[in-house]
Amino acid sequence: MAKNKKSRIGGTKTTIFTILSTGLFAVLSFLIVFPVFAGLIASFRPGRELIRKGLSINLDISTMSLDNYIYLLSGNEDSQKYFMWFKNSLVLTVLTVVLTLLICYFVAYGLSMYDYKLKNFLFFLVIATMMVPFEILMLPLYREVINLKLIDSIWGVMLPGLCGASTIFFFRQYMIGLPKELLDAGRIDGATEYGICIKIMLPITKPAFASMAILCSMGAWNNMLWPLMVFRSAEKFTLPIGLNSLLTPYGNNYDVLIAGSMFSIIPVLVVFLCFQKYFIDGMTAGAVKG
C-alpha cells in the first residue's frame with residue numbers, strides 16, 4: 001500500500017511538472033512567434049495601415065493584398081536596390097560561414113587532438129576573448145581596418161570575425177568526445193596528419209558543422225552594426241542596413257520595408273531546413289571496434 005501511495009504521489013508530481021513546463025514553453029513559443037506572424041500579416045497590408053494600427057494579428061481581409069510583394073518583385077528602382085542588398089548579404093554570409101567554419105575547425109582540431117605544452121593556456125586565451133564585449137573592440141577594430149585599407153570592402157567586414165571564440169569552443173568540445181584511436185588508425189594506414197584531419201575527422205563532425213553553420217549564417221545575415229561602420233557606398237550595403245535606410249526623417253517606405261523583412265527570412269529558413277537532419281548525435285557510433 002505504501003509503495004502504491006508513493007508511486008501515485010510521484011506520478012502526480014510528474015504530471016504537474018509536465019503541465020507547468022508545457023504551459024511555460026507554450027507561452028514562450030507564443031512570444032517568439034507573435035512578432036513574426038504579426039509582421040507576416042502586416043506585409044499584406046498597405047504601409048499606411050501599419051502606421052495607423054501598428055503590428056497586430058487582426059485578420060481584416062478587406063485591407064490585405066499581394067501588392068507589397070508584387071511591388072517588391074516588379075523590377076522598379078526600389079526592387080533593384082532591395083535585391084542588390086539581398087545579393088550583398090548573401091555573398092557576405094556564404095563567404096563568412098565557409099571561412100569561419102574551416103578556420104575554427106582547424107583551430108579546434110589543434111586544441112583537442114594533440115597534446116603539447118601551453119595547450120590549455122592557448123584555449124584559455126580563446127575563452128577569454130568571449131568575455132570582452134564587442135562594443136569595447138569596435139574602435140580598435142575600426143582603426144585596424146582603416147590601417148589595412150579595408151574600409152568599404154567586404155573583407156573589412158569579414159576578417160575581424162572569422163576566428164570566432166564561441167565557434168572554436170563548440171568545435172573543441174565536440175571533438176573532445178571523438179575517439180583518438182581514429183588518428184592512430186589513420187597513421188597506421190599511412191595517412192598524413194592533414195589527411196587524417198580532412199578525410200577522417202572532418203566528415204564525422206557534420207553535426208558540429210551543421211549547428212555552427214546555422215548559428216553563423218544567422219549572425220552574418222542579421223549583422224548590422226559592424227557592416228554599418230565599415231561600408232560607405234550604398235551599393236555595398238547589406239540587407240539590414242539597406243532596409244534601415246528606408247526609414248528617414250523625410251518619409252518611410254513601409255511597403256518595401258515590411259515585405260522585404262519577411263522575404264529576408266527565407267535564406268536562414270532554407271539553411272535550417274537543409275542542416276537540421278545533422279543535429280542528431282552519434283555519428284561516430286561504431287567507428288571504432290572494441
Side-chain angles (χ1 to χ4, degrees), residues 3-66 68-69 72 86 89 93 97 101 130 133-134 164 166-167 169-171 173-174 177 206-225 239-240 243-244 247 254-283 285:
K3 289 184 179 180
N4 291 336
K5 186 176 180 179
K6 287 182 179 179
S7 113
R8 284 197 300 269
I9 293 173
T12 303
K13 289 181 178 179
T14 302
T15 304
I16 294 174
F17 176 77
T18 301
I19 294 173
L20 292 176
S21 60
T22 303
L24 174 62
F25 285 114
V27 171
L28 291 176
S29 299
F30 174 78
L31 293 176
I32 294 171
V33 172
F34 174 78
V36 179
F37 185 59
L40 180 62
I41 294 175
S43 69
F44 293 102
R45 293 173 175 164
R48 61 179 179 273
E49 290 292 321
L50 182 62
I51 297 174
R52 287 173 53 196
K53 300 180 181 179
L55 288 176
S56 68
I57 57 174
N58 181 24
L59 294 173
D60 186 1
I61 305 299
S62 62
T63 62
M64 299 177 68
S65 68
L66 294 173
N68 291 341
Y69 290 98
L72 186 65
F86 193 96
S89 285
T93 299
V97 170
L101 292 182
M130 297 174 63
F134 178 73
S166 58
T167 308
F169 175 79
F170 186 89
F171 272 121
Q173 296 306 110
Y174 184 88
K206 283 183 179 179
F209 270 94
S211 301
M212 286 295 99
I214 293 175
L215 296 177
C216 290
S217 62
M218 289 178 60
W221 183 262
N222 296 319
N223 189 17
M224 178 178 173
L225 180 58
L239 195 54
L243 291 176
N244 187 67
L247 302 175
Y254 283 113
D255 295 334
V256 175
L257 175 63
I258 196 69
S261 298
M262 291 296 103
F263 200 76
S264 68
I265 297 175
I266 294 177
V268 177
L269 182 61
V270 170
V271 171
F272 177 78
L273 293 177
C274 290
F275 291 118
Q276 64 171 341
K277 63 181 179 180
Y278 294 112
F279 280 174
I280 301 173
D281 293 327
M283 297 293 286

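When a residue number appears, it is its place in the shown sequence, counting from 1.
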query = Hey, does Pro240 have a side-chain heavy atom less than 4.5 Å from the side chain of Ser89?
reply = yes

query = For the atom pair NZ (Lys206) and OG (Ser211), what is the distance rounded to the nearest 0.5 Å?
reply = 14.0 Å

task = Please report the shortest heavy-atom distance between Ser217 and Ala213, naming the atom on each side.
result = OG-O, 2.8 Å

inquiry  = Let me confirm one number: the CG-CG distance from Leu24 to Leu28, rounded to the nearest 0.5 Å.
reply    = 4.5 Å

task = Work out which heavy atom in Ala220 is nearest to a heavy atom in Thr93; give both atom names and the distance.
result = C-OG1, 3.9 Å

Within-4.5 Å side-chain heavy-atom neighbours: Phe170 and Leu215 = no

ask   = Taking the six-membered ring for Trp, are Phe30 and Phe34 parallel (under 30°), tilted (30 to 60°) or perpendicular (over 60°)?
value = tilted

query = Can you tell if the side chain of Leu72 reaches within under 4.5 Å of the side chain of Asn68, non-hydrogen atoms only?
reply = no

task = Anything under 30° is parallel, anything over 60° is perpendicular, the rest tilted; go ahead and classify Phe86 against Trp221.
result = perpendicular

query = Just wondering, more than 12 heavy atoms not from Met218 lying within 6.0 Å of its CE?
reply = no

key: Atom pair CG/CG of Asn223 and Leu225 - distance to nearest 0.5 Å   = 7.0 Å

Scan the side chains in residues 257-272 for donor-acceptor partners under 3.5 Å anywhere in the protein, sequence neighbours excluded, and list what turns up.
residue : atom : partner : partner atom : Å
Ser261  : OG   : Leu257  : O            : 2.6
Ser264  : OG   : Ser261  : O            : 2.6

key: Distance in Å, Thr22 OG1 paired with Phe17 CZ, rounded so as to fall on 0.5 Å steps   = 9.0 Å

task = Give, for atom CG of Leu101 and atom CE of Met212, the distance between the pair rounded to the nearest 0.5 Å.
result = 8.5 Å

